[in-house]
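These notes are about the structure you will find just below.
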Protein chains: 2
Amino acid sequence: MKNKKFSQIDASVPTIRRLPSYLNVIRRALNNNLKVISGTVIASELELEPIQVRKDLAVTGIVGKPRVGYDVKELKNAIESFLNWDKQHKAIVVGTGNLGTALIGYPGFKQNGMNIVCAFDSSVDKIGKQILGVEVYGLKDLKDKLKNEKIDIAILTVPSEVAQQVTELLIETGVKSIWNFTNEKLKVPEDVLVLREDLSSSYAVLSVCQ
Amino acid sequence: MKNKKFSQIDASVPTIRRLPSYLNVIRRALNNNLKVISGTVIASELELEPIQVRKDLAVTGIVGKPRVGYDVKELKNAIESFLNWDKQHKAIVVGTGNLGTALIGYPGFKQNGMNIVCAFDSSVDKIGKQILGVEVYGLKDLKDKLKNEKIDIAILTVPSEVAQQVTELLIETGVKSIWNFTNEKLKVPEDVLVLREDLSSSYAVLSVCQ
DNA sequence: TTAAAATAGATATAAATATATCTTAATTTA
DNA sequence: TAAATTAAGATATATTTATATCTATTTTAA
Ligand SMILES: NC(=O)c1ccc[n+]([C@@H]2O[C@H](COP(=O)([O-])OP(=O)(O)OC[C@H]3O[C@@H](n4cnc5c(N)ncnc54)[C@H](O)[C@@H]3O)[C@@H](O)[C@H]2O)c1
Ligand SMILES: NC(=O)c1ccc[n+]([C@@H]2O[C@H](COP(=O)([O-])OP(=O)(O)OC[C@H]3O[C@@H](n4cnc5c(N)ncnc54)[C@H](O)[C@@H]3O)[C@@H](O)[C@H]2O)c1
């Protein structure tokens with residue numbers, strides 16, 4: 001069952017996933033006032049093959065100079081633009097427990113265009129309070145809150161047992177992209193994109209390979 | 001640059017990564033007192049292809065019955081055994097900030113054999129205190145603490161800027177597996193396994209595909 | 001001024017991963 | 001009891017992803 005949603009772009013998902021680490025290297029180069037950087041240098045910093053880096057960067061439309069490399073500033077802009085990280089994205093966090101709180105407190109998101117505009121929880125202990133400047137609302141206020149404000153991403157960090165029912169509520173309110181940190185496989189309509197962040201699958205790799 | 005460390009097992013990394021979600025389905029089936037479960041059923045629950053599920057399950061050595069499926073209990077044991085989730089793993093958390101705290105508080109790890117035995121931080125505010133029953137020590141006590149206790153996994157949740165230097169300390173103390181939640185590409189010797197948990201790469205997929 | 005070296009970009013190949021097809025065994029039901 | 005059905009398991013194929021090779025361009029230096 002091929003997921004069409006992830007294949008609308010002329011770049012493979014592995015390529016998209018590597019771009020942020022290139023951006024890290026490039027931003028650092030920019031801080032060090034480097035004017036140009038070659039794919040070879042990026043590759044060696046990240047222990048990748050130069051060919052792969054060049055091919056990945058090509059999807060952003062960047063054009064480099066043989067024997068020189070890419071203009072650092074231009075390359076940074078090309079990647080950020082390709083990733084849409086030069087535009088603002090509105091996000092909400094649903095479930096402000098341990099993990100939800102950690103994600104709200106992470107400054108790396110804002111740096112790449114993601115603004116957590118507010119959060120939702122079902123616990124009376126949390127509703128009405130703020131977490132690092134982010135207001136927490138009751139889940140039943142969701143529809144009302146999102147009526148006038150279009151949300152780009154819902155970050156789902158509720159207990160796995162309620163994940164599906166909360167998801168259905170999110171979809172009712174028009175959410176089209178869900179970043180799912182729960183262990184639940186979410187059932188959603190065709191036009192809703194779910195990205196699963198599955199820590200247990202990473203732990204599996206560690207357990208098997210050690 | 002092929003990473004040999006991940007290719008010592010006769011299962012591909014994608015296969016290993018899918019096994020935990022099969023286990024979720026199977027554990028639920030066991031709770032519902034089901035005796036047998038077919039690959040087809042697992043596949044439909046997870047929106048995967050039956051062929052893929054069967055092929056994945058085959059790496060665990062499980063043998064099913066045509067027209068019937070797999071014995072649920074046997075299948076659960078086979079996966080847990082393959083993943084080494086039936087054995088105990090000792091882990092430490094290094095950096096008890098937002099994310100480190102969230103990971104310490106996550107019960108899903110213990111359920112799969114991972115015990116966080118203690119944590120380390122450099123902040124005097126945290127050293128000597130407990131986080132959900134887990135003692136926090138100073139980073140300079142690391143060597144001393146790990147002298148007698150072999151650690152299977154170090155969970156790295158320090159600020160990215162100090163990630164490399166903390167990693168070097170971990171390696172000095174004999175750590176061989178690092179679960180890296182920082183944005184830093186860690187430079188480690190051949191025999192040290194690093195698994196990168198890169199949230200920005202997931203965010204990139206969301207940003208591009210929406 | 002010209003040869004050598006390094007690197008982008010294009011094209012071709014290889015490796016890894018996923019999917020399809022076929023065969024055989026277990027079960028149900030006509 | 002035999003035919004139909006379903007699913008595992010094996011083999012074959014297709015797709016995706018990564019890597020290698022080749023060419024052209026730019027720079028450096030002999
Ligand atoms: N903490 C981790 O490191 C970690 C790791 C892997 C996966 N996860 C998954 O992430 C999710 C959250 O984990 P956590 O550790 O933050 O759990 P948590 O219990 O700390 O937080 C869950 C939060 O969700 C809220 N909540 C409960 N029901 C709700 C509902 N119906 N609507 C809205 N909010 C509701 C609770 O009040 C709580 O604040 C879980 O599904 C967990 O399996 C967490
Ligand atoms: N919070 C998130 O959701 C999130 C998301 C993606 C990535 N990350 C990454 O995870 C890491 C931790 O994030 P966080 O939000 O928990 O940060 P944080 O600032 O809340 O926590 C960092 C902790 O590390 C400790 N620390 C600092 N220097 C140390 C040292 N040399 N040795 C030991 N401990 C030290 C600090 O005292 C603090 O407790 C960062 O690298 C961050 O980029 C976090």
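Numbers restart at 1 for each chain; the letters A, B, ... are given by sequence-line order, proteins then strands. Not measured: the values here are computed from a predicted model. All values below were derived from every heavy atom in this structure, side-chain atoms included, with hydrogens, water molecules and symmetry-related copies excluded.
Annotation: of the two residues near DNA chain D, B:Gly64 and A:Lys55, the 5′-most nearest-nucleotide partner is B:Gly64. The residue among B:Ile37 and A:Arg54 whose nearest nucleotide of DNA chain D lies closer to the 5′ end is B:Ile37.
Between the P atom of D:dT26 and the CG atom of A:Asp71 lies a distance of 15 Å, rounded to the nearest Å. For A:Arg17 and D:dA18, the CZ to P distance is 12 Å, given to the nearest whole Å. Between the CG atom of B:Leu57 and the P atom of D:dA8 there is a distance of 9 Å, rounded to whole Å. If you measure from atom CD of B:Gln52 to atom P of D:dT16, you get 14 Å, rounded to the nearest angstrom. Atom pair B:Ile62:CD1 and D:dA7:C1' shows a separation of 15 Å (rounding to whole Å applied). One atom, CZ of A:Arg67, and another, P of C:dG9, lie 16 Å apart when rounded to the nearest Å. Per the geometry, CD belonging to A:Glu74 stands 14 Å off C1' belonging to C:dA8, to the nearest Å. Between the CG atom of A:Asp56 and the C1' atom of C:dG9 there is a distance of 14 Å, given to the nearest Å.
Residues A:Asp121 and A:Thr96 have side chains that bring a donor and an acceptor to within less than 3.5 angstrom of each other. The closest side-chain donor-acceptor pair between B:Tyr22 and B:Asp56 falls under 3.5 angstrom.
More than 12 non-hydrogen atoms from other residues, nucleotides or ligands lie less than 6.0 angstrom from NZ of B:Lys187. Around NZ of A:Lys87, the count of heavy atoms belonging to other residues, nucleotides or ligands within 6.0 Å exceeds 12.
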**Q.** Test log, rule side chain to side chain donor-acceptor pair (under 3.5 Å), inputs A:Trp179 and B:Ser202
**A.** CA-CA 9 Å; A:Trp179 196 354; B:Ser202 298; 4.6 Å; no

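Comparing C:dA8, C:dG9, D:dT19 against the side chain of A:Ile51 picks out D:dT19 as the nearest. Side-chain proximity of B:Pro66 to the nucleotides D:dA7, C:dT17, D:dT27 is greatest for D:dA7. Of all nucleotides listed (C:dA20, C:dT17, C:dT27), C:dA20 comes nearest to the side chain of B:Glu49.
Within the 4.0 Å cut-off from OP1 or OP2 of C:dA26, not a single side-chain nitrogen or oxygen of B:Tyr70 is found.
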